Amino acid sequence: SKSYFCSILKKNKLPYIDYKILHKNKKINKFKHFVLKPDAPIVGKENVYLSQNQNIFNFNEVQNSSHNDKVICSSYIEGKDFGIFVFKNKKNKKKFFLNPFVEKNKFINGKIKHIGIFKSKESSLNKKILYLTKNILKIFPNYYGFISISYRVTKNTKIYPYEINLGLSGDMIVDKLFKKNIFKKSLYEVEIENLC
């Protein structure tokens, strides 16, 4: 749940994107520009809209594509999407951080389109993402295995976490970017060994 994650970030005085939860279709006055999406998406990047005009999306479609039947309306922040994978070993509690990556997403006619992914080469920004990721992980001391966190980064490098996923998630990120990695074997294999 994106809203649950945001509420935890707020409670722990960490940056978050301002949001409102909707259970039914109604006029949104809280934000001038907003992103509307399923709160707990069944399929990632499906039924995600940028809108000033509520006529471009079907509210019921967005709601039905959320596990918890909630729709999250977030303030739109201009910027790029970054992500990072972390692995916490259950045996020795060591944390391993994979290189941050950029997700290229674009709104076309108000609907999101996923364009591609690539490793981030912005070393100073990567350090900031790593620092914030370490602070977020302190909130979940008893979780082991892979976890990924998504961030919105503005032009002046303000960083806003907005989504957390357990496991290796989807979007072919692992398959495309991390065939060669610090473990020198498939990340799926690492995850299964950890679970067993």
Side-chain angles (χ1 to χ4, degrees), residues 1-10 15-85 100-122 125 129 132 136 147-178:
S1 165
K2 290 173 170 56
S3 60
Y4 179 69
F5 181 48
C6 286
S7 69
I8 286 175
L9 293 169
K10 185 179 180 181
Y16 69 97
I17 297 175
D18 197 14
Y19 69 96
K20 182 178 177 64
I21 282 294
L22 303 173
H23 297 278
K24 59 183 180 180
N25 196 5
K26 59 182 180 181
K27 191 168 172 59
I28 299 153
N29 297 315
K30 187 171 181 175
F31 311 111
K32 188 178 178 183
H33 295 288
F34 61 87
V35 177
L36 192 94
K37 53 192 167 186
D39 183 51
I42 294 166
V43 178
K45 295 181 188 64
E46 200 168 273
N47 293 310
V48 177
Y49 298 92
L50 171 65
S51 182
Q52 289 173 276
N53 172 6
Q54 287 188 254
N55 298 323
I56 68 160
F57 57 81
N58 180 323
F59 184 87
N60 291 337
E61 219 172 71
V62 180
Q63 189 174 39
N64 291 338
S65 59
S66 178
H67 282 291
N68 60 10
D69 290 326
K70 291 179 186 175
V71 170
I72 185 169
C73 175
S74 307
S75 173
Y76 175 66
I77 293 171
E78 186 81 43
K80 292 179 181 176
D81 293 310
F82 283 74
I84 189 169
F85 276 103
F101 56 91
V102 183
E103 280 195 81
K104 200 169 180 186
N105 300 310
K106 190 176 182 182
F107 284 99
I108 298 169
N109 297 323
K111 191 169 185 177
I112 203 162
K113 177 150 178 75
H114 180 64
I115 311 247
I117 47 168
F118 49 93
K119 285 184 185 176
S120 170
K121 293 177 181 174
E122 300 179 48
L125 179 56
I129 288 170
L132 185 49
I136 292 169
I147 194 165
S148 64
I149 301 172
S150 298
Y151 298 94
R152 189 74 163 170
V153 180
T154 67
K155 281 182 183 176
N156 58 352
T157 64
K158 282 192 176 178
I159 305 169
Y160 297 92
Y162 66 87
E163 184 176 279
I164 192 165
N165 286 297
L166 305 180
L168 291 168
S169 79
D171 297 329
M172 299 290 288
I173 294 167
V174 169
D175 311 74
K176 287 177 181 175
L177 292 187
F178 298 111

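If you're wondering where the values come from, they're calculated on a predicted model, not measured in any experiment.
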Chemist: List in chain and number order the residues that pass salt bridge (charged side-chain N to carboxylate O under 4.0 Å, His left out) with Lys176, two or more places apart in sequence or in another chain; answer none if no residue qualifies.
Modeler: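 Expected list: none.
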
Chemist: Using the test side-chain hydrogen bond (donor to acceptor under 3.5 Å, both in side chains), find all partners of Ser1 that sit at least two apart in sequence or belong to another chain.
Modeler: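 Only Ser3, Asp39 meet the side-chain hydrogen bond (donor to acceptor under 3.5 Å, both in side chains) criterion with Ser1.
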
Chemist: So, Ser66 side chain and Ala40 main chain: donor-acceptor pair closer than 3.5 Å or not?
Modeler: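 Yes, the answer is positive, given that a donor and an acceptor are paired below the 3.5 Å cut-off.
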
Chemist: The criterion is side chain to side chain contact (heavy atoms under 4.5 Å, CB included); which residues satisfy it with Lys10, sequence neighbours excluded?
Modeler: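 Residues passing side chain to side chain contact (heavy atoms under 4.5 Å, CB included) with Lys10: Tyr16.
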
Chemist: Holding to side-chain hydrogen bond (donor to acceptor under 3.5 Å, both in side chains), I want the full list of residues that pass it with His67, two or more places apart in sequence or in another chain.
Modeler: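 Checked His67 against side-chain hydrogen bond (donor to acceptor under 3.5 Å, both in side chains); zero matches.
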
Chemist: Tell me every residue that passes side chain to side chain contact (heavy atoms under 4.5 Å, CB included) with Val35, counting only those two or more places apart in sequence or in another chain.
Modeler: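 Applying side chain to side chain contact (heavy atoms under 4.5 Å, CB included) to Val35 gives Lys37, Val48, Leu50, Tyr76, Phe107.
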
Chemist: So, for Ser75 and Ile17, which heavy atoms are closest and what is the spacing to 0.1 Å?
Modeler: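 Smallest interatomic distance, heavy atoms only, reads O-CG2, 3.4 Å.
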
Chemist: Decide yes or no for Tyr151 and Ile84: does some side-chain heavy atom of the first lie under 4.5 Å from some side-chain heavy atom of the second?
Modeler: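 Tyr151 vs Ile84: side chains touch.
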
Chemist: What distance do Ile129 atom CD1 and Ser120 atom OG have between them, rounded to the nearest 0.5 Å?
Modeler: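 The OG atom of Ser120 is 6.0 Å from CD1 of Ile129, to the nearest 0.5 Å.
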
Chemist: Quick one: does Ile72's side chain get under 4.5 Å of Tyr162's, heavy atoms only?
Modeler: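 They are not in contact (no side-chain heavy atoms under 4.5 Å apart), so the answer is no.
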
Chemist: Lys2: which residues meet the side-chain hydrogen bond (donor to acceptor under 3.5 Å, both in side chains) condition with it, sequence neighbours left out?
Modeler: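 Testing Lys2 for side-chain hydrogen bond (donor to acceptor under 3.5 Å, both in side chains), a comparison that skips the adjacent residues, returns Glu163.
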
Chemist: To the nearest 0.5 angstrom, please state how far the CD1 atom of Ile164 sits from the CD1 atom of Ile136.
Modeler: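 So the gap between those two atoms works out to 6.5 Å.
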
Chemist: Atom CD1 in Ile108, atom NZ in Lys113: separation rounded to 0.5 Å?
Modeler: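 Those atoms lie 6.0 Å apart.
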
Chemist: Is any side-chain heavy atom of Leu125 closer than 4.5 Å to one of Phe82?
Modeler: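 Result yes, sub-4.5 Å side-chain heavy-atom pair found.
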
Chemist: Do Ser150 and Pro161 come within less than 4.5 Å of each other through their side chains, counting heavy atoms only?
Modeler: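 They are not in side-chain contact.
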
Chemist: Near Lys45 NZ, under 6.0 Å, is it more than 12 heavy atoms from other residues, nucleotides or ligands?
Modeler: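 Yes - once you tally the heavy atoms of other residues, nucleotides and ligands closer than 6.0 Å, there are more than 12.
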
Chemist: Ignoring hydrogens and geometry, is there a side-chain-to-backbone donor-acceptor pair from Ser65 to Val62 under 3.5 Å?
Modeler: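 Judged by distance alone, yes, a pair lies under 3.5 Å.
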
Chemist: Quick one: SG on Cys73 to CZ on Phe31, what's the gap to the nearest 0.5 Å?
Modeler: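 Those atoms lie 5.5 Å apart.
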
Chemist: Below 4.5 Å, heavy atoms only, C-beta onward: do Asn105 and Ile115 meet side chain to side chain?
Modeler: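 No, too far: nothing below the 4.5 Å cut-off.
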
Chemist: Hey, are the side chains of Pro38 and Val43 touching, using non-hydrogen atoms and a 4.5 Å cut-off?
Modeler: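 No, too far: nothing below the 4.5 Å cut-off.
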
Chemist: Tell me every residue that passes ring-ring contact (aromatic ring centres under 6.0 Å, His included) with Phe101, counting only those two or more places apart in sequence or in another chain.
Modeler: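 For Phe101 the ring-ring contact (aromatic ring centres under 6.0 Å, His included) partners, ignoring immediate neighbours, are Phe85.
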
Chemist: Name all residues meeting the side chain to side chain contact (heavy atoms under 4.5 Å, CB included) criterion together with Lys121; count only those two or more places apart in sequence or in a different chain, and write none if there are none.
Modeler: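 Partners of Lys121 by the side chain to side chain contact (heavy atoms under 4.5 Å, CB included) criterion come out as none, since no residue qualifies.
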
Chemist: Are the side chains of Leu36 and Leu22 in contact, using a 4.5 Å heavy-atom criterion?
Modeler: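 Side chain of Leu22 against side chain of Leu36, heavy atoms only: contact under 4.5 Å found.
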
Chemist: Measure the CG-OH distance between Asn109 and Tyr49 for me, rounded to the nearest 0.5 Å.
Modeler: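 Going from CG on Asn109 over to OH on Tyr49, the span is 11.5 Å.
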
Chemist: So for atom NZ, which belongs to Lys119, do other residues, nucleotides or ligands contribute more than 12 heavy atoms lying within a distance under 6.0 Å?
Modeler: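 Yes, enclosed.
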
Chemist: side-chain hydrogen bond (donor to acceptor under 3.5 Å, both in side chains) with Thr154: which residues, sequence neighbours excluded?
Modeler: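 With sequence neighbours excluded, Thr154 shows a side-chain hydrogen bond (donor to acceptor under 3.5 Å, both in side chains) to Asn156, given in chain and number order.
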
Chemist: I'd like to check Ile117 versus Val102 (side-chain heavy atoms, cut-off strictly below 4.5 Å). Are they in contact?
Modeler: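 Ile117 does not reach Val102 side chain to side chain.
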
Chemist: Which pairs with one or both residues in residues 67-83 pass salt bridge (Lys or Arg N to Asp or Glu O under 4.0 Å), sequence neighbours excluded?
Modeler: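 Of all non-adjacent pairs touching residues 67-83, those that pass salt bridge (Lys or Arg N to Asp or Glu O under 4.0 Å) are Asp81-Arg152.
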
Chemist: Between CD1 of Ile159 and CD1 of Ile77, what distance do you get to the nearest 0.5 Å?
Modeler: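 So the gap between those two atoms works out to 12.0 Å.
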
